[in-house]
Amino acid sequence: METQYDVLNRINDRYTTMSKSHKAVANYISEHYDQAVFMTASKLGEVLKISESTVVRFAAALGYRGYPEFQKALEECVKGKLNDVQRIDAKYGRSTQSEILTSVISADIEKLQDTIRNLDPAAFEMALSIILEADTVYVMGLRSNEPLAAFLQFYLNMIRGKVILVNTTSVTETFEQMIHINEKDCFIGISFPRYSMRTLKAMEFANDRNAKVIAITDNVHSPMNLYSSCNLFARSDMVSIVDSLVAPLSVINALVVALCLKCPQEVKKNLEMLEDTWNNYQVYLNDEIDFIDDEPMLSYSLRREKDEGRF
């Protein structure tokens, strides 16, 4: 029995074996399926500058009897998206505001607990080593995952230099930003359902360049695992049309904290440099910048290094 997003699942499953022209169709469908559902095979081919027959063969390669059946599957996909909104009303329509608050927070707590049970400590340690040892770190997360990528890039930049946030509106721009990636670098791809094909292609490109690839995604069945050497899983069920990103953000926050504890001197140095810059350019009032010496996490790590005779 097909799921409501079966057509997208089929595309993800077969993507790596597709021809260049079929990948072009797959990319467009994955990013714009709510528009593609209204297009004929001829129109879709015109938009992508490929032949109508190529579009028809693409549908057949996914296991559909023809383009009309493929288009019907797209319709079901879009209907499923709309039904998500209807399910919100069915679940919360008669609830009070406080009941909705309690229900959503309780669901997020359950996701956090599930993430704790299933996160691989060895993978977490591997991710820390990869990030610390990399020459340049590339971070990418699109659409609802953009805030996660920006959060990680912001704090990684305080911990270590040379952190690039890949944030584009096209695949070609992605490759332009990653043109210098090599085996000394690492790429962190963040993607949760509905998965981003652009992020997946960026991970493929990083893998082809022999960079170490870290995936932050939801489970072992995620297509993001295809090109990654290190996988960090966080549960992210959808509460309808809204992605729950509480658990992924907690995993990212744990990465930041662990990295700070591994190199407290560098973090302290960077923060002091930042504080001097703020003071010189009067970004904040002086009494608002007093967190460095009083930061308990950094102070503890520095005392521990001193006790262990590292400096």
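Scope of the values below: all heavy atoms of this structure, side chains included, with no hydrogens, waters or symmetry mates.
Applying the salt bridge (Lys or Arg N to Asp or Glu O under 4.0 Å) test to every pair with at least one member in residues 151-168, sequence neighbours left out, gives these pairs: Asp135-Lys162.
Minimum heavy-atom separation, Pro223 to Leu200: O-CD1, 3.2 Å. Nearest heavy-atom pair, Ala41 versus Val55, reported as atom, atom and distance to 0.1 Å: O-CG2, 3.8 Å. The minimum heavy-atom distance between Arg14 and Ala61, with the atom names listed, is NE-O, 3.5 Å. Heavy-atom minimum distance, Val220 versus Asn225: O-ND2, 3.0 Å. Nearest heavy atoms, Ser191 versus Thr217: O-OG1, 2.8 Å. Of all the heavy atoms in Ala202 and Phe187, the pair that sits closest is CB-CZ, 3.6 Å.
Hydrophobic clustering, with ILVMFWY side chains joined whenever heavy atoms are under 4.5 angstrom apart, keeps Leu112 apart from Ile252.
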Chi angles and distances behind the side chain to side chain contact (heavy atoms under 4.5 Å, CB included) call for Val213, Glu204: CA-CA 9 Å; Val213 181; Glu204 180 183 8; over 6 Å; no

Apply the test side chain to side chain contact (heavy atoms under 4.5 Å, CB included) to residues Phe58 and Tyr67: give CA-CA distance (whole Å), side-chain angles for both, the deciding distance (0.1 Å), then the verdict. CA-CA 9 Å; Phe58 170 81; Tyr67 188 80; over 6 Å; no

Would you please test Ile188 and Met140 for side chain to side chain contact (heavy atoms under 4.5 Å, CB included) and show each step? CA-CA 6 Å; Ile188 304 174; Met140 185 174 183; over 6 Å; no

Evaluate side chain to side chain contact (heavy atoms under 4.5 Å, CB included) for Glu146 paired with Asn167, printing each intermediate quantity in order. CA-CA 8 Å; Glu146 274 190 50; Asn167 189 0; 3.3 Å; yes

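Within the model, atoms SG of Cys186 and CD1 of Ile131 stand 5.5 Å from one another, a figure rounded to the nearest 0.5 Å. Atom-to-atom distance recorded for Leu148:CG and Ser236:OG is 8.5 Å, nearest 0.5 angstrom. Atom NZ of residue Lys201 and atom CE of residue Met178 lie 11.5 Å apart, to the nearest 0.5 angstrom. Separating the CE atom in Met18 from the NE2 atom in His22 is a distance of 8.0 Å, to the nearest 0.5 Å. With rounding to the nearest 0.5 Å, the separation of CG in Asp120 from CZ in Phe233 is 8.5 Å. The structure places CD1 of Ile181 at 11.5 Å from NZ of Lys212, a figure rounded to the nearest 0.5 Å.
Looking at heavy atoms from C-beta onward, Val137 lies out of side-chain contact with Asp185 at the 4.5 angstrom threshold. The side-chain heavy atoms of Leu255 and Leu232, taken from C-beta on, include a pair separated by under 4.5 Å. Within the 4.5 Å cutoff, the side chain of Ile216 has no heavy atoms near those of the Asn231 side chain. When side chains are defined from C-beta on, Val256 counts as touching Leu152, because their heavy atoms get closer than 4.5 Å. Met224 is listed as a side-chain neighbour of Met203, based on a closest heavy-atom distance under 4.5 Å. Within the 4.5 Å cutoff, side-chain heavy atoms of Thr40 are placed close to those of Lys43. At least one side-chain heavy atom of Ile29 sits under 4.5 Å from a side-chain heavy atom of Leu44. Between Tyr138 and Leu165 there is no side-chain heavy-atom pair separated by less than 4.5 Å.
A donor-acceptor pair shorter than 3.5 Å can be found between the side chains of Ser53 and Ser51. Asp218 and Tyr195 share a side-chain donor-acceptor pair at under 3.5 Å.
Aromatic pair Phe154/Phe151: ring centres not closer than 6.0 Å. Between Tyr227 and Phe205, the gap from one ring centroid to the other reaches at least 6.0 Å.
Panel note: side chain Ser222, backbone Asn219; no donor-acceptor pair is recorded below 3.5 Å. Under a 3.5 Å cut-off, the side chain of Asn253 and the backbone N or O of Leu249 do not form any donor-acceptor pair. At distances below 3.5 Å, not a single donor-acceptor pair connects side-chain atoms of Arg65 with backbone N or O atoms of Ala60. Remark: side-chain polar atoms of Ser250 are paired, donor with acceptor, to backbone N or O of Val246 under 3.5 angstrom. For the pair Thr115 (side chain) and Ala247 (backbone), a donor-acceptor distance under 3.5 Å is absent. With Glu75 contributing its side chain and Val37 its backbone, the two residues share no donor-acceptor pair below 3.5 Å. The backbone N or O of Leu62 lies less than 3.5 Å from a partner atom in the side chain of Arg10, making a donor-acceptor pair.
Ion pairing between a basic and an acidic side chain is recognised when a charged N comes within 4.0 Å of a carboxylate O; Asp114 and Lys111 show no such pairing.
By the 6.0 Å contact criterion, OH on Tyr155 is open, its count of non-hydrogen atoms from other residues, nucleotides or ligands being 12 or less.
Both cation-pi conditions hold for Lys23 and Tyr15: the charged atom is under 6.0 angstrom from the six-membered ring centre and inside a 45 degree cone around its axis.
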